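Just below is one structure, and these are the notes that go with it.
Since the structure is predicted, the reported quantities are computational estimates derived from the model, not experimental observations.
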Amino acid sequence: MSHPNYPHPQQNGPSAPPIPPPPSSFGAQPAFEGQYPAGPQGEYQSAPYGQGPYSDAPRKSFMVTWLLSLLLGTFGVDRFYLGKIGTGVAKLLTAGGAGIWSIVDLIMTLTGNTRDKDGRPLEGYQENKKKAWIITAVVWLVSIITGILLTIASIAMVGAAIDARKVPVAPELPSASQAAPAPSGGSQTGGSAAGANSMVATVSEGNTVKVSVLDSIYTDKIPGMDYMTAKNGGFFAIEVSWETQTGSSFSSPSNFTVLDADGKEGEMVYLDEKLGPLPTDEVGAGDARKGIIAFDVKKGPVQVVVFDDYGDKAATFNLTAQ
């Protein structure tokens with residue numbers, strides 16, 4: 001019996017190819033099968049875990065990062081280069097975390113643990129790490145030695161400055177060989193002789209002072225004060241000692257004056273501190289002050305007058321300005 005859906009082949013001609021049977025209701029493919037190509041749709045291709053769109057961008061250089069960290073790490077320049085702007089600003093504002101942060105970052109770079117902002121290692125580390133370590137060690141050693149030398153030099157300069165303040169270096173007056181002869185004696189008012197070069201004067205009630213002339217000289221110029229011009233021919237300089245014997249007294253250049261052979265009072269010269277003038281100071285019993293006083297006066301015999309606290313003549317010395 002013939003199937004109504006399959007016609008009989010013609011008997012007298014060539015046989016026709018068999019017609020495939022219609023698909024059965026079991027395992028049939030959906031009607032839309034074949035309309036879309038197999039596989040992922042669109043242009044997006046999946047990538048292995050840990051890679052992203054930045055994977056093809058060039059990595060940061062190890063040498064650049066190391067140099068920036070070594071030379072400018074305090075300012076956070078190395079972190080700016082790696083793209084870590086936030087921590088770069090923090091490092092800049094804290095001066096490299098007082099230097100500690102800068103050292104830590106430099107060591108991390110030298111040990112290969114530094115990454116850029118995307119977490120990628122630096123390029124060229126293996127090839128250049130040995131050279132970087134050697135140069136860093138040399139720079140650190142030179143810095144330490146330089147720091148020690150600068151510290152020693154600073155301490156020496158401070159010490160010299162302190163010593164200079166304590167012991168002022170004064171230009172020397174002409175040599176003592178040019179000085180006038182030491183006083184051969186003196187007359188006194190209210191005082192008594194205490195030796196060839198000394199007088200004891202009463203400067204106030206209960207207060208006595210031993211005044212001594214240690215040296216004297218007559219000169220045309222005062223060392224270090226060349227701008228001074230003598231109006232009376234030259235300058236008479238006297239080195240004196242002011243020693244309180246009882247009570248207390250007040251030493252000062254204003255306690256002295258000189259009179260030339262005509263009785264004309266010489267003009268006092270206020271010496272620079274570096275020349276060691278007689279200090280103006282209160283002097284207790286047993287204490288003494290030494291210094292130089294100078295006058296613009298005519299060359300020849302002079303009388304040195306010592307005044308008491310009331311401005312009265314307390315003692316005199318007769319000297320010769322030569």
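As a member of the Ile/Leu/Val/Met/Phe/Trp/Tyr network built from side-chain separations under 4.5 Å, I85 groups with F80, V89, L93. I145 belongs to a hydrophobic cluster whose other members, connected by ILVMFWY side-chain contacts under 4.5 Å either directly or through intermediates, are L141, L149. I152 belongs to a hydrophobic cluster whose other members, connected by ILVMFWY side-chain contacts under 4.5 Å either directly or through intermediates, are I144, I148.
Every residue meeting the side-chain contact (heavy atoms from CB on, under 4.5 Å) condition with S254, not counting sequence neighbours, appears here in chain and number order: S252. Residues satisfying the side-chain contact (heavy atoms from CB on, under 4.5 Å) test with S204, not counting sequence neighbours, are N207, D309, Y310. Under the rule for a side-chain hydrogen bond (donor to acceptor under 3.5 Å, both in side chains), the partners of D262 that lie at least two apart in sequence or sit in another chain are K298. Under the rule for a side-chain hydrogen bond (donor to acceptor under 3.5 Å, both in side chains), T94 has no partner lying at least two apart in sequence or in another chain. Considering only residues two or more places apart in sequence or on other chains, N128 meets the side-chain hydrogen bond (donor to acceptor under 3.5 Å, both in side chains) condition with none of them. Applying the side-chain contact (heavy atoms from CB on, under 4.5 Å) criterion to Y270, with sequence neighbours excluded, gives M268. Considering only residues two or more places apart in sequence or on other chains, K264 meets the side-chain hydrogen bond (donor to acceptor under 3.5 Å, both in side chains) condition with N232.
Applying the ring pair (Phe, Tyr, Trp, His ring centres under 6.0 Å) test to every pair with at least one member in residues 105-126, sequence neighbours left out, gives these pairs: F62-Y125.
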Side-chain donor/acceptor pairs under 3.5 Å, residues 69-79, sequence neighbours excluded:
from : atom 1 : to   : atom 2 : distance (Å)
S69  : OG     : L106 : N      : 3.4
D78  : OD1    : K91  : NZ     : 3.3
D78  : OD2    : K91  : NZ     : 3.1
R79  : NE     : D105 : OD2    : 2.9
R79  : NH1    : T87  : OG1    : 3.0
R79  : NH2    : D105 : OD1    : 3.2

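In this structure, K60 forms a cation-pi arrangement with Y81, its terminal cationic atom sitting closer than 6.0 Å to the ring centre and no more than 45° off the ring axis.
Using a distance-only test at 3.5 Å, with no hydrogens or angles considered, no donor-acceptor pair links the side chain of D272 to the main chain of L275. Side-chain atoms of T219 never come within 3.5 Å of backbone atoms of F235 as a donor-acceptor pair (strictly under, hydrogens ignored).
Side-chain contact check for V209 versus D308: every heavy-atom pair is 4.5 Å or farther apart.
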- Query: What do the steps show when you test R289 against D281 for salt bridge (Lys or Arg N to Asp or Glu O under 4.0 Å), and what is the final call?
  - Reply: CA-CA 8 Å; R289 300 290 183 272; D281 195 9; 3.0 Å; yes

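Between atom CE of residue M157 and atom CD1 of residue I162 there is a gap of 12.5 Å, rounded to the nearest 0.5 Å.
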